[in-house]
Amino acid sequence: MHRFRSEFLSTLASRGYIHQVSEPEALDDLFCRERVTAYVGFDCTADSLHVGHLVSIMMLRLLERTGHRPIALIGGGTTKVGDPSGRDETRQLLSDAQIAHNKAGLLRSLSKFLDFEKGSALLLDNAEWLDELKYIPFLREVGVHFTVNRMLTFESVKLRLEREQPLTFLEFNYMIMQAYDFLQLARRYDCRLQMGGSDQWGNIINGIELARKLDGRHLFALTTPLITTASGQKMGKTASGAVWLNADRLPPFEYFQYWRNTEDADVGRFLRLFTELPLAEIERLERLQGAELNEAKKILAFEATALCHGRAEAEKAKAAAEALFEHKGDRLDGLPVVEVDRDRLAEGMPIIELFMLAGLVQSNSEARRLVRQGGARLDDRLIEDETMRIDLDRFKGGAVKLSAGKKRHVLVRPR
RNA sequence: GGAGGGGUGGCCGAGCGGUCAAAGGCAGCAGACUGUAAAUCUGCCGACGAAUGUCUACGUAGGUUCGAAUCCUACCCCCUCCA
């Protein structure tokens with residue numbers, strides 16, 4: 001790979017963020033020469049971002065730290081169209097209300113990592129220009145620069161056609177919308193670079209070409225590799241769903257645990273990508289052998305959690321993990337808390353039901369199995385009787401710890 | 001337009017009148033081992049129930065039968081080949 005001189009690109013390169021860059025030398029020169037504005041787009045398909053978005057977010061942070069200007073572009077407009085890439089069926093159309101709700105959630109995710117208050121990072125919504133487009137003028141200005149011939153060669157389109165899955169004309173337009181976004185950001189904010197996942201390369205190039213043809217602008221593309229775990233799992237996806245960034249979707253303790261349970265082979269790579277520790281420190285950590293490597297995992301978990309939820313929450317999660325797994329102290333307040341109506345407890349609640357309320361199991365049957373297989377614990381005592389009831393007397397200490405297996409724990413408190 | 005094949009649990013996939021809540025694999029959960037890792041081994045793995053059990057489920061809707069995932073009819077959807 002090209003040796004970069006600019007702080008931004010050389011840092012990205014040495015930390016493993018770069019998959020492809022258009023015109024690396026020219027972009028590097030640009031970064032050395034001036035304050036550069038660059039953007040990443042996020043569609044409003046859910047009300048929180050997840051770990052899969054983290055690589056992009058980290059790049060925006062680095063941009064900010066190295067004296068450039070990041071733009072987080074929320075896809076309030078493009079979400080109405082729906083990105084077909086990576087999907088073999090049409091996305092469900094979201095209502096305006098859902099989009100607004102999701103947008104609020106994304107905002108919460110993003111502002112954990114970027115400071116939009118000071119104005120060093122910009123938060124924009126492409127609905128701003130997409131909503132007011134006029135069909136015929138748009139087609140005449142932008143549509144003429146896209147040939148269907150070329151659009152049909154795109155991976156996202158080919159996939160649908162090959163599988164004979166419908167691709168609606170609405171979705172077919174997504175790539176044009178994204179190209180138009182880049183054009184608008186270039187015109188309005190002098191944005192020069194779009195970053196994104198490797199699957200976005202084609203869409204980004206479209207924007208670059210559009211801006212060149214229409215305005216003679218010189219724009220750039222940078223994509224990140226698809227991050228997978230050593231065993232081939234897509235980053236941020238677990239069996240129980242995405243690893244969300246918003247605390248109302250995933251408690252900080254569980255976020256901490258996600259990182260704490262990183263596979264050995266991923267520790268170094270993840271420290272580079274998902275923390276801001278100096279490289280020298282990371283090199284020292286990843287050299288640790290065997291059980292020693294757990295120290296590196298704890299640091300990874302702490303740093304990653306601190307970036308997302310703040311240091312205070314990270315400390316709490318860390319303390320709870322230590323109390324739980326290493327019997328150091330009894331700081332359990334970092335655990336996820338579930339509140340249960342006092343009245344319902346007063347009557348004596350079946351332990352099975354409590355497991356359901358705590359969200360540790362999906363059905364009564366599953367709770368029974370858990371007890372029968374010796375995986376259910378109440379304040380560290382094995383529950384042997386699945387018909388056991390629990391009443392208010394149990395809660396003299398305030399809260400009770402309910403455990404499913406060795407790793408999943410919840411504090412239950414009467415309300 | 002013609003001929004054939006198929007739709008089964010989160011996914012893949014066997015079953016082709018009763019012994020079928022449905023083989024096997026993957027994923028998942030619990031246990032053992034360990035380092036809160038990986039690998040391995042054991043058990044579990046539709047719902048409800050303390051339990052005999054009850055209910056729901058094999059594309060959809062009807063039907064035949066004491067009894068249907070399995071047979072019949074109609075419909076919907078997918079795939080392959082020929083034109």
Side-chain angles (χ1 to χ4, degrees), chain A residues 87-90 159-166 228-243 251-271 274 285-302 304-305 314 317-329 331-332 334-336 348-356 358-378 380-390 401-410:
Chain A
R87 297 223 136 215
D88 58 6
E89 57 185 50
T90 304
L159 182 80
R160 292 281 185 86
L161 294 182
E162 275 165 15
R163 299 197 181 173
E164 299 190 26
Q165 292 293 318
T228 55
T229 66
S231 42
Q233 293 288 305
K234 209 184 236 179
M235 192 68 198
K237 292 268 187 234
T238 67
S240 38
V243 181
F253 175 75
E254 285 172 36
Y255 188 80
F256 181 94
Q257 284 299 307
Y258 172 76
W259 294 103
R260 174 63 252 261
N261 287 309
T262 296
E263 292 176 42
D264 285 8
D266 290 326
V267 173
R269 196 160 49 102
F270 286 2
L271 280 167
F274 301 114
L285 288 171
E286 70 182 338
R287 268 199 302 273
L288 296 171
Q289 290 298 312
E292 299 260 286
L293 194 56
N294 279 324
E295 289 313 308
K297 292 185 190 180
K298 286 178 202 171
I299 292 171
L300 169 63
F302 180 82
T305 307
K318 179 165 170 264
E322 282 172 353
L324 225 39
F325 294 101
E326 298 171 37
H327 309 290
K328 282 189 205 159
R331 288 271 317 279
L332 290 174
L335 289 181
M349 177 177 281
I351 194 74
I352 300 284
E353 193 177 338
L354 200 60
F355 269 100
M356 284 281 282
L360 291 169
V361 297
Q362 307 265 340
S363 68
N364 291 1
S365 304
E366 195 182 322
R368 281 203 179 86
R369 264 176 245 137
L370 188 69
V371 174
R372 286 175 195 176
Q373 298 189 112
R377 276 164 204 275
L378 177 65
D380 296 320
R381 290 241 318 282
L382 197 65
I383 299 168
E384 298 185 55
D385 177 11
E386 70 195 64
T387 64
M388 173 184 176
R389 283 171 171 268
I390 156 167
K401 183 173 78 173
L402 206 59
S403 312
K406 296 198 163 46
K407 290 196 189 174
R408 292 149 59 223
H409 309 271
V410 160

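All of these numbers come straight from a predicted model, not from anything done at the bench. So you know, we letter chains A, B, ... as the sequences are listed, proteins then strands, and number each from 1. Heavy-atom basis, side chains included; hydrogens, waters and symmetry copies ignored.
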>> Students often mix this up, so state it plainly: with edges at 30° and 60°, are the rings of A:Phe270 and A:Trp259 parallel, tilted or perpendicular?
In response: perpendicular
What I want to find out is whether [X] reaches [Y] closely enough, with some N-O distance under 4.0 Å, to be called a salt bridge.
X        : Y        : answer
A:Arg369 : A:Glu366 : no
A:Arg372 : A:Glu386 : yes
A:Asp266 : A:Arg269 : yes
A:Glu326 : A:Lys298 : yes

Tell me whether the side-chain N/O atoms of [X] come closer than 4.0 Å to OP1 or OP2 in [N].
X        : N     : value
A:Lys297 : B:A37 : no
A:Arg368 : B:A50 : yes
A:Asn364 : B:A47 : no
A:Arg369 : B:A47 : yes
A:Lys407 : B:A37 : yes
A:Ser365 : B:G46 : no
A:Arg260 : B:G35 : no

Taking the [atom1] atom of each, how far is [N] from [M], in whole Å?
N     : M     : atom1 : answer
B:A39 : B:A51 : P     : 34 Å
B:G25 : B:G15 : C1'   : 16 Å
B:A83 : B:G46 : C1'   : 47 Å
B:G67 : B:U19 : C1'   : 13 Å
B:G10 : B:C29 : C1'   : 14 Å

Whole Å only: how far is the [atom1] atom of [X] from the [atom2] atom of [N]?
X        : N     : atom1 : atom2 : value
A:Gln362 : B:G28 : CD    : P     : 14 Å
A:Gln289 : B:A37 : CD    : C1'   : 13 Å
A:Glu366 : B:A30 : CD    : P     : 9 Å
A:Arg377 : B:U36 : CZ    : P     : 15 Å

>> Give me the stems containing RNA chain B, sorted by first residue, counting only three or more consecutive Watson-Crick or G-U pairs with both distances under 3.5 Å; say none if there aren't any.
In response: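 The stems are B:1-7 with B:76-82, B:10-12 with B:24-26, B:28-32 with B:40-44, B:46-48 with B:53-55, B:59-63 with B:71-75.
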> Just wondering, do A:Leu402 and A:Ile351 contact through their side chains at under 4.5 Å, heavy atoms?
Replying inline: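 Of all side-chain heavy-atom pairs linking A:Leu402 with A:Ile351, at least one is under 4.5 Å.
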So [X], base contact, sugar-phosphate only, or nothing? Heavy-atom distance under 4.0 Å.
X        : result
A:Arg408 : sugar-phosphate
A:Gly290 : base
A:Gln257 : base

> For A:Lys407 and A:Asn261, does a side-chain donor sit closer than 3.5 Å to a side-chain acceptor?
Replying inline: yes
>> Strictly distance-based, threshold 3.5 Å: is any side-chain N or O of A:Arg389 a donor or acceptor partner for the main-chain N or O of A:Gly348?
In response: yes
> On a plain distance test, is the side chain of A:Gln373 in donor-acceptor contact with the base of B:G43 below 3.5 Å?
Replying inline: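 Yes, a donor-acceptor pair under 3.5 Å.
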> Going by heavy atoms closer than 4.0 Å, what residues in residues 319-327 of chain A are next to RNA chain B?
Replying inline: A:Ala321, A:Phe325
